[in-house]
Amino acid sequence: MSKNGAMIQYFEWYLPDDGNHWQRLKEDAKHLQEIGISLVWMPPATKATGTNDVGYGIYDLYDLGEFDQNGAVRTKYGTKQEYLTAIKALHDQGILAIADVVLNHKAGADEPERFPAYEVDPQNRQKKVSDDYEIEGWTKFTFPGRQGKYSEFKWNWTHFSGTDFNQENGKKAIYMIKGTAKGWAENAEVDSEYGNYDYLMYADVDYDHPDVRDEVKRWSEWYIDETGVNGFRLDAVKHIEGEFIDEFIKNIREKKSDNFYAVGEYWKQSYATLENYIVETACNVDLFDVALHMHFSEASHAGNNFDMSKIFHNTLMEKNPTKAVTFVDNHDSQPSQALESWVDDWFKPLAYGMILLREGGLPCIFYGDYYGIAGDNPIPGKQDLIDKLLSLRMNDAYGQQNDYLDHPNCIGWTREGDEEHPGGMAVVVTNSDEGYKDMYIGKQHAGKNYQDSLGNREEIVTINEEGMGTFLSAPGSISVWAELN
């Protein structure tokens with residue numbers, strides 16, 4: 001991966017259910033390489049509850065659009081062969097393919113079963129609100145369309161810790177399954193929200209079961225061999241035992257590749273919680289910088305009342321940048337989704353400048369921000385803007401970073417450049433009236449002229465003999481000053 005690599009999340013919630021997305025990705029691979037993308041996070045490829053499922057209602061981990069199950073052979077995005085072809089197209093362009101892996105739960109079971117369970121308080125999952133009694137739950141997965149190809153493993157109620165529906169009486173509740181060595185994961189292994197956040201949805205996979213651990217690790221080895229992917233984006237890790245995730249990634253790196261990449265979605269704003277998870281998983285997993293995203297969202301809604309000098313406070317980018325995957329928005333934060341925290345339109349250029357032009361973190365661009373969001377309330381993309389910022393990242397965002405995060409409404413930083421990229425750059429961001437920053441960009445740039453590459457200011461800035469310049473920004477915007485050639 002290049003020094004200034006970038007990732008793109010190549011889907012949004014409202015993509016059409018046309019089975020053509022893998023084909024679109026294949027055709028887009030060369031363009032992605034040209035704009036500076038080095039990793040592509042693809043949507044879940046495994047068979048879900050139906051072709052209208054974005055991929056998180058996971059059914060069969062071994063069905064990548066190959067078997068006639070849940071109403072179709074293809075997934076929402078296409079067939080297995082089209083998926084493999086898209087991955088090859090990425091590899092041909094030197095781009096790493098990152099698979100979205102959903103290990104927390106299973107959905108769309110083939111048969112119900114009867115088993116004992118307790119109802120628990122949804123606000124405190126450690127509190128039982130009923131005695132144990134027999135329910136009929138959808139927990140038996142036999143995968144009749146696959147007929148044992150790739151794996152003979154069949155899932156039943158003993159492989160799960162909970163579910164949310166009793167078929168016998170149609171009651172919806174959170175049911176903790178009763179059995180030997182059953183119950184939620186240890187509190188220290190999952191997020192503490194709702195008393196214990198092991199249970200999220202559908203049939204909750206029990207990673208205390210040794211057969212489950214072995215099967216999921218075997219599946220990961222098969223998946224990598226079968227597809228050639230270079231990494232996993234791990235969904236909903238705060239609901240899965242951290243100790244298992246550590247074991248899971250170590251197994252892959254021991255058996256497949258030391259360089260296999262892993263990034264986890266731990267949706268929590270608390271830096272201490274994320275840092276604890278990084279330690280718990282022995283630094284084997286990067287994490288999305290949720291705190292930074294939430295700061296962007298809050299700043300976009302607060303206007304000039306947000307203190308920009310604190311935009312990076314207690315974020316992974318600030319405190320542990322080598323483990324941070326930074327992002328502006330994603331499929332969960334987009335409007336009408338479960339974790340809606342959409343960054344307002346006016347702030348998007350500022351936010352993308354802050355993830356793409358700074359030294360820390362691996363930036364991730366959202367498909368919906370780049371190509372636009374479909375659905376009943378479409379939102380246009382910002383391809384031209386993001387292309388400009390990506391170009392600046394590739395060509396100028398190098399060398400020593402000097403921060404000027406010293407004003408509640410106007411912040412900035414400079415990059416001094418390096419031997420291969422000597423131009424350097426200066427960035428000014430303001431959430432209020434027009435602003436300026438006197439900033440050091442390096443004595444080696446004395447006498448050079450700089451202009452705003454985004455066209456928000458028309459002035460030319462000349463660097464003085466001390467390596468200083470006065471760089472400006474228009475109201476509520478970002479200016480990126482690069483050397484005038």
Side-chain angles (χ1 to χ4, degrees), residues 4-14 32 35-41 43 98 100 233 263 265-269 274 286-303 306 308 310-318 321 324-373 378-393 397 411 413 427 429-431 454 456 476-480:
N4 270 10
M7 181 190 294
I8 187 169
Q9 177 186 353
Y10 204 81
F11 64 103
E12 59 96 4
W13 205 263
Y14 301 113
L32 294 174
I35 64 173
I37 297 299
S38 48
L39 306 91
V40 171
W41 158 20
I98 310 301
D100 199 327
R233 179 266 184 187
V263 57
E265 180 226 10
Y266 198 118
W267 197 270
K268 197 83 169 182
Q269 191 167 349
L274 299 187
D286 289 357
L287 292 177
F288 288 99
D289 197 345
V290 175
L292 183 60
H293 157 73
M294 295 304 297
H295 288 181
F296 290 157
S297 178
E298 293 159 12
S300 76
H301 300 144
F306 186 88
M308 292 293 288
K310 297 179 179 178
I311 194 81
F312 302 116
H313 279 202
N314 293 319
T315 64
L316 284 171
M317 178 190 262
E318 178 192 56
V325 175
T326 56
F327 68 104
V328 177
D329 269 308
N330 68 17
H331 64 295
D332 283 325
S333 71
Q334 71 181 85
S336 301
Q337 292 312 306
L339 302 171
E340 181 178 346
S341 43
W342 189 245
V343 176
D344 280 354
D345 187 77
W346 75 274
F347 200 80
K348 283 281 168 82
L350 289 68
Y352 271 104
M354 284 185 269
I355 70 168
L356 288 172
L357 303 181
R358 289 181 62 77
E359 190 174 22
L362 170 65
C364 183
I365 293 159
F366 178 41
Y367 184 99
D369 285 333
Y370 191 80
Y371 291 110
I373 286 175
I379 300 173
K382 298 183 178 300
Q383 185 169 340
D384 289 346
L385 167 77
I386 295 173
D387 280 347
K388 288 177 183 177
L389 292 171
L390 281 167
S391 178
L392 287 160
R393 177 176 176 80
I411 61 172
W413 64 91
V427 183
V429 175
T430 177
N431 68 353
L454 299 183
N456 293 324
S477 72
I478 177 173
S479 288
V480 183

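Any value given below was found using the heavy atoms of this structure, including those in side chains, with hydrogens, waters and symmetry copies removed.
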Review point. Can you list the residues that meet the side-chain contact (heavy atoms from CB on, under 4.5 Å) rule with Thr430, with sequence neighbours excluded?
Key: Cys410, Ser432, Ser473
Point to revise | Contact check, side chains of Lys348 and Val343, non-hydrogen atoms, under 4.5 Å | key: yes
Check your understanding: Counting N and O atoms only, with roles assigned by atom type, does the side chain of Asn4 sit under 3.5 Å from a partner on the main chain of Ala397, one being a donor and the other an acceptor?
Key -> yes
Practice item. Go through Leu362 and Asp286 one step at a time and tell me if the side-chain contact (heavy atoms from CB on, under 4.5 Å) criterion holds. Key: CA-CA 10 Å; Leu362 170 65; Asp286 289 357; 5.5 Å; no
Practice item. Drop me the distance from Leu287's CG to Glu265's CD, to the nearest 0.5 angstrom. Key: 10.0 Å
Exercise for review: Looking only at non-hydrogen atoms, find the nearest pair between Phe327 and Trp267 and report the distance.
Suggested key: CZ-CZ3, 3.8 Å
Exercise for review: For Tyr352, enumerate each residue passing the ring pair (Phe, Tyr, Trp, His ring centres under 6.0 Å) test, keeping only those at least two apart in sequence or located in another chain.
Suggested key: none
Check your understanding: Quick one: ring pair (Phe, Tyr, Trp, His ring centres under 6.0 Å) partners of Trp13, sequence neighbours excluded?
Key -> His331
Study note, to complete from the structure: For residues 354-363, the salt bridge (Lys or Arg N to Asp or Glu O under 4.0 Å) pairs (sequence neighbours left out) are Arg358-Asp403
**Study point:** Any residue meeting side-chain hydrogen bond (donor to acceptor under 3.5 Å, both in side chains) with Ser341, in chain and number order, not counting sequence neighbours
**Key:** His293
Practice item. Say whether, by atom type as modelled, one donor and one acceptor occur between the side chain of Gln337 and the main chain of Leu339 under 3.5 angstrom. Key: no
Point to revise | Sequence-distant partners of Arg393, side-chain hydrogen bond (donor to acceptor under 3.5 Å, both in side chains), two or more places apart | key: none
Practice item. Quick one: list whatever passes side-chain contact (heavy atoms from CB on, under 4.5 Å) with Lys388, sequence neighbours left out. Key: Leu454
Exercise for review: Determine the minimum heavy-atom distance between Ala6 and Leu390, stating which atoms define it.
Suggested key: CB-CD2, 4.1 Å
**Study point:** Contacts of Asp344 that satisfy side-chain hydrogen bond (donor to acceptor under 3.5 Å, both in side chains) - sequence neighbours left out
**Key:** His301
Practice item. Grab the two heavy atoms, one from Ile35 and one from Asp387, that are nearest each other, plus how far apart they are. Key: CG2-OD1, 3.6 Å
Revision key, fill the gap. Sorted by chain and number, sequence neighbours left out, side-chain contact (heavy atoms from CB on, under 4.5 Å) with Glu340 holds for Pro335
Exercise for review: Quick one: do Ile373 and Phe366 satisfy side-chain contact (heavy atoms from CB on, under 4.5 Å)? Show the steps, please.
Suggested key: CA-CA 10 Å; Ile373 286 175; Phe366 178 41; 4.2 Å; yes
Check your understanding: Of the non-hydrogen atoms in Ala324 and Asp289, which two are nearest, and what is the gap between them?
Key -> CB-OD2, 4.4 Å
Review point. Are the side chain of Trp413 and the backbone N or O of Leu357 linked by a donor-acceptor pair below 3.5 Å?
Key: yes
Point to revise | Ile311: side-chain contact (heavy atoms from CB on, under 4.5 Å) partners, not counting sequence neighbours | key: His295, Phe296, Ala299, Phe306, Met308, Phe347, Met354, Ile411
Study note, to complete from the structure: Value for CD1 (Ile379) from CG (Asp369), rounded to nearest 0.5 Å, stands at 8.5 Å
Check your understanding: Nearest 0.5 Å, what's the CD1-CE distance between Ile98 and Met7?
Key -> 5.5 Å
Practice item. With rounding to the nearest 0.5 Å, note down the distance linking CD in Gln9 to CG in Asn330. Key: 5.5 Å
Revision key, fill the gap. Heavy atoms of Asn456 and Ser479 approach each other most closely as CB-OG, 3.8 Å
Exercise for review: Return the minimal non-hydrogen interatomic distance between Ser38 and Gly5, and the atom names on each side.
Suggested key: OG-CA, 3.1 Å
Review point. When Ile365 is tested against each of Asp329, Ile37, Ile355 for side chain to side chain contact (heavy atoms under 4.5 Å, CB included), which residue passes?
Key: Ile37
Review point. Do the side chain of Asp332 and the main chain of Ala338 share a donor and acceptor less than 3.5 angstrom apart?
Key: no
Review point. Taking only residues two or more places apart in sequence, or in another chain, which ones meet Tyr10 in a ring pair (Phe, Tyr, Trp, His ring centres under 6.0 Å)?
Key: His21, Tyr367
Review point. Residues in side-chain hydrogen bond (donor to acceptor under 3.5 Å, both in side chains) with Asn314, at least two apart?
Key: none
Check your understanding: Any chance the rings of Phe288 and Trp41 have centres within less than 6.0 Å?
Key -> yes
